[in-house]
Trainee: 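Please find one structure pasted underneath; my questions will follow.
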Amino acid sequence: MAPPPEPRRPYKRPAISDQQRRRELALQAQSARRADAQARARALASSLLTTPTPPAVTHCHEEEHAEEEQEQEHTVADVAAAASKLRGSDARRWFARQIMLPEWMVDAPPHLASDWHVFARPSGKRCLVVSSNGITISRVRNGSILHRFPSALPNGSKRDISGPASSYSILDCIFHEPDQTYYIIDMICWRGYSLYDCTAEFRFFWVNSKLTETSAGDPPSANHRYRFSAVPIYECTLEGLQAAYSGSTPYVKDGLLFYNKHAHYQAGITPLTLAWKDETCSQYVIDTDGKGEVPNEQHLVLELQEEGKLVTSDDPPVVFGSLDNEFIQKSNLRTGNLLRFAVRDESVRLVDGKMQTGELQLVGKPNRARAFADSHSKALFQYAARHAPLRIDDLIASIQSNNMELESTDVEMQD
Amino acid sequence: MSLDVTQVLLSAQSADGAIRKHAEESLKQFQEQNLPGFLLSLSSELANEEKPEESRRLAGLILKNALDAKEQHRKNELFQRWLALDAGAKQQIKGLLLQTLTSPVASARSTASQVIAKVAGIEIPQKQWPELIGSLLSSIHQVQPNVKQATLETLGYLCEEVSPDAVDQDQVNKILTAVVQGMNASEANSDVRLAATRALYNALGFAQVNFSNDMERDYIMRVVCEATQSPEVKIRQAAFECLVAISSTYYDKLAAYMQDIFNITAKAVRGDEESVALQAIEFWSSICDEEIDILDEYSSEFTADSDVPCYYFIKQALPALVPMLLETLLKQEEDQDLDEGAWNLAMAGGTCLGLVARTVGDDIVPLVMPFVEENITKSDWRQREAATYAFGSILEGPSADKLAPLVNVALNFMLTALTKDPSNHVKDTTAWTLGRIFEFLHGSALETPPIITAENCQQILTVLLHSMKDVPNVAEKACGALYFLAQGYVDAGSASPLSPFFQDIVQNLLMVTHREDAGESRLRTAAYETLNEVVRCSTEETAPIVMQLVPVIMMELHQTLEAEKLSTDEREKRSELQGLLCGCLQVIIQKLGGMESTKYSFLQYADQIMDLFLRVFACRNATVHEEAMLAIGALAYAAGPNFAKYMAQFYQYLEMGLQNFEEYQVCAITVGVVGDLCRALEDKILPFCDGIMTQLLKDLSSNQLHRSVKPPIFSCFGDIALAIGENFEKYLIYAMPMLQSAADLSAHTTATDDEMLDYTNQLRNGILEAYSGILQGFKSSPKTQLLMPYAPHILQFLDALYNGKDMDDTVMKTAIGVLGDLADTLGVHAGPLINQSTSSKAFLEECLASDDPLVKESADWASIAITRAASG
């Protein structure tokens, strides 16, 4: 029906309102100031341009070094871009460095109950799962592809493209073989929005709320090859710890993971996430050797570096000893090689929480799939596991003592 | 479902709120639990002849609302839901709807036709329900007039809902044939004829091909013109509405019919009922609109051409048209100035006269002046008012040379009338006319000798200030006149003749805002707006008076915050007042913060002002939000880095503004304020950037955001990058792909009309400003290399712009600047890339030779930077 006849224009009114004028003037002022700011930036640059500055002479080696530093600083955002076009082992290695890795817990940190989350780690392969452009790719810690598959994650299959197809989602998962499920232990990026700078507490909250927005939790189908599932995450109170430790899970447990609530996602090894296990919650407390047997002596995988130094994967690396030049040449070893050593228990000394080893005995090269040396905390944890392990009771006691500390603060202050 | 649908539908219309609410909830529940079942029961209800009319009508209405919504996002959702329904259920529902068209109950038929059109609007573009139009057309030859009427109505609604390109020409032809037949004078049933005429109104957009065919067009035009002579007033009105729609859609096809149309419109204006006469006038206003647009195109620098030629219909009709319009001016209603919504023959005629003046310019003056001179001194207020209104209407359009001598004579007469005329109508129109004189014939831009001189200025002011005490509608027009009087002196500097009276003017305006009756005739708004303009036009000498205004306005704002327990109505009034006060503070901040002599003493108020703004935000009202936001942008700019101390408290409101999709103006203003903050705080904005960037990126990816906000968001990326430098690194991965895809899109858009081209250029400018800011932000940073991967695309974008040939000067200036920034920031690495780019050399040369100084300046800069980059 024809619209009712309306006054076609405001009668006896100016063409634009003062409010509209204020808006327009504000916009004009803004764009003039933008031009000013731009001009200032250019003038600054201009003066640099016109006064000849000495060309930056950088030593070849320095340049490489600078580049490497830059690489270190790359954020997870770069992972997303890199993920789709990774080639070659170096690139894989670079990719692999983007995963956040726990230190091993050798001492219970203070304030477990208030500052930490805990959950039972599913047994399986740790991997980053990236969905974008209609495909989902999972890569294990050494950067190689585990699966390439369609999934119901955002832009994870050709069928589910929504928003810009290139917007990424990146999940930190453990692939659990027995039920062919990806258990999500962290979320780094969702539909192109980075959670990298968010606290663990928030990221865990997002895992749960975002997962339900998709049908990624559904059983497998043609467009969704593997099921994704969130792991139950608890506050690390007595009850939470009990639930994670002895509660039943749909997956086989492999120890517990502790996440500091306030920690951002940070590539590499961080003391703000901690791994811990004992025989109750893990089948593999003490490391096995290449044949899958528990060796008599503790083994350590270390990386050979310049001047024969043997170091851990920590940043900065911890030096555990060295090989002499002659031996290196004779054995045809190169910088960067990973080597497996046996450590004689009696030679180990703990100084200021650092492990020092006397004699290292070369056992051989580790499995080729291995991309990294052991971390210092892992060596420590393994050492402790063989001698005086940190027990669940110790963790419980730590939480209880924290509780008491809280309750008794006032009293102490009166003292 | 055991729900008694009829009963629930009746209860939902109950006078008892509780019963109604309960019923509405049951319906909602039903809808959520079983949508197909719900829609099916409603359509059965609508189709069932044994059910009461009320429940059937509501059933139809709910059906309609389940298929369409105003808000685009919701609308898409409803479309998808319908499309996803089980095919069998849809088939049944559609069958029931079509069946309802044959109902003896008129309201059921009418509701059904609207629902059918909504379904068609969803399905036809999807190539579903192809048989609908055929089946409607087959029942049009039914003998029963009620079925015929309902079918035509359905076709009309359908044309309103469906886009013309979704229906093929063969079906269009059939629809038009059926509709035009129904309109024919031979149609005995007037309901049928009315439905057909209204259907044609909607179907006109489908008739492009038919209007290009002389025979078909002649036939349609003949039938429409005949319908304007129908004995039924509703048919006549609908037929004129068709003519109005034809005048804008098929302007270039009208030449052959104009003589006839003039005759029938003149007859209607002079003798028909008002609803018909208003449409007849509207026809001429609409022709004016078309010709004003075409003539604008003719005179514009770039094209000097128009796709549609001007037929000068108005110029040709002028000798007959103007007297007809002047006659209407005498048909005023008593008290029409007191009623905001009034619209009558005199108002429509005067509005049309103003448009005619803008269309033909000088030619109108000799046709109107005798009427003015003859009537302006008559004893009947109608004649004096009509004469004044006629004079005021022609002040925009004719040249200043032509008007100045007349205005010089009229000015004194007008000033006397404004003080002495016994009629409020005449005073209202006189004050309005004075405002038009100041708006169009006063100011430094005019080349004619000034009409307002130091001598008569004082007299004018005395009269206007006096009239500001008159009844609200007259006082409001006097404020409006003062607004334009002040505006004319914006460039006058210390020579402004208003300066000696500045204090007086400000005090009088403040008094107006405090009038008991300031709520009437938007008087308070007009007074504050005029105060704003007066402040904008103030000079160094009058700055101390503006400074005294600061605590006064702050106190007013403070008082609005003290009120408690307000009713909805009172709250609305308060927020309106807060908007006015924040607007006024914004103007004051800009003025005093912009002059070195006042800036520092003004900034002593910054803490208190900011505190007030934050409290205004806490009241949460969108319009206040916008005004306070604008004001805060101004304050941030004035305060500079010191604004950082307010950020912690202010940030939440900033985020709220950026999230306001619905009121896109608020969102756009807030984006602008982010830019202000960037420039004020520079790297101190860094802690807030994660949140801001997240929000901006969300805005860009939202399909709910109004498109006009996108260009400023891109520019804002540049502002942020320039402020935080290499810290922008972490956003590159998000911002760059968005910029790239927007750049690709905007480079390859073929704008179909000016509006589209304007928008495309705004978008390009925003993208380029972002690139500029990012490139400059990374300048001299060790991380410059991070930008290298994006350089080739930026250069491709510049190539595409250069080759596209449809960028405006602003885009040209920004684009060539980006080329310079690229060379500047990437240095030797950019050299080879720029050399490889296909058109950067030609682009630069063209810009260096530009007449536009800004383009040239930008190009000079780029040239230096490129030379430097090339030489390594």
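The sequence lines fix the lettering, A, B, ..., with proteins before strands; numbering per chain opens at 1.
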Trainee: Does any heavy atom of chain A fall under 4.5 Å from the side chain of B:Y389, the backbone, both, or neither of them?
Mentor: side chain

Trainee: Measure B:D428 against the heavy atoms of chain A and call it side chain, backbone, both or neither at under 4.5 Å.
Mentor: both

Trainee: Under 3.5 Å, is there a donor-acceptor pair linking the side chains of A:S132 and A:N155?
Mentor: no

Trainee: Measuring heavy-atom distances to chain A, does B:E396 have an atom under 4.5 Å in its side chain, in its backbone, in both, or in neither?
Mentor: neither

Trainee: For A:T136 and A:S131, does a side-chain donor sit closer than 3.5 Å to a side-chain acceptor?
Mentor: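 Per modelled atom types, A:T136 and A:S131 side chains form no pair under 3.5 Å.
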
Trainee: Given that the side chain runs from C-beta out, which part of B:S741 has a heavy atom under 4.5 Å from chain A: side chain, backbone, both or neither?
Mentor: neither

Trainee: Counting only non-hydrogen atoms closer than 4.5 Å, does B:T429 touch chain A with its backbone (N, CA, C, O), its side chain (CB onward), both, or neither?
Mentor: both

Trainee: Is B:Q665 in contact with chain A via its backbone, its side chain, both, or neither, using a 4.5 Å heavy-atom distance?
Mentor: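 Contact with chain A involves the side chain of B:Q665 alone.
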
Trainee: With a 4.5 angstrom heavy-atom cut-off, could you sort out which part of B:E529 is near chain A: side chain, backbone, both or neither?
Mentor: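 Contact with chain A is through both the backbone and side chain of B:E529.
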
Trainee: What do the steps show when you test B:Y483 against A:D18 for side-chain hydrogen bond (donor to acceptor under 3.5 Å, both in side chains), and what is the final call?
Mentor: CA-CA 10 Å; B:Y483 184 103; A:D18 192 71; 2.7 Å; yes

Trainee: At a heavy-atom separation under 4.5 Å, does B:R536 approach chain A through its side chain, its backbone, both, or neither?
Mentor: side chain

Trainee: Where does B:Q336 contact chain A at under 4.5 Å (heavy atoms): side chain, backbone, both or neither?
Mentor: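 Only the side chain of B:Q336 comes within 4.5 Å of chain A.
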
Trainee: Does B:E857 have more than 12 heavy atoms from other residues, nucleotides or ligands lying within 6.0 Å of its CD?
Mentor: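 No - once you tally the heavy atoms of other residues, nucleotides and ligands closer than 6.0 Å, there are 12 at most.
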
Trainee: Go through B:Q114, B:Q487, B:Q590, B:M693 and name the one with the most non-hydrogen pairs under 4.5 angstrom from chain A.
Mentor: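 The option with the most such pairs is B:Q487.
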
Trainee: Report yes or no: do B:E153 and B:S110 form a side-chain donor-acceptor pair below 3.5 Å?
Mentor: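 Yes, B:S110 and B:E153 have a side-chain donor paired with an acceptor closer than 3.5 Å.
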
Trainee: Let me know if B:V587 has heavy atoms under 4.5 Å from chain A in its side chain, its backbone, both or neither.
Mentor: side chain

Trainee: For the residue pair B:D690 and B:Y731, confirm or rule out a side-chain donor-acceptor distance under 3.5 Å.
Mentor: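 Short answer, yes.
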
Trainee: Under a 3.5 Å cutoff, is there a donor and acceptor pairing between the side chains of B:S275 and B:Q237?
Mentor: yes

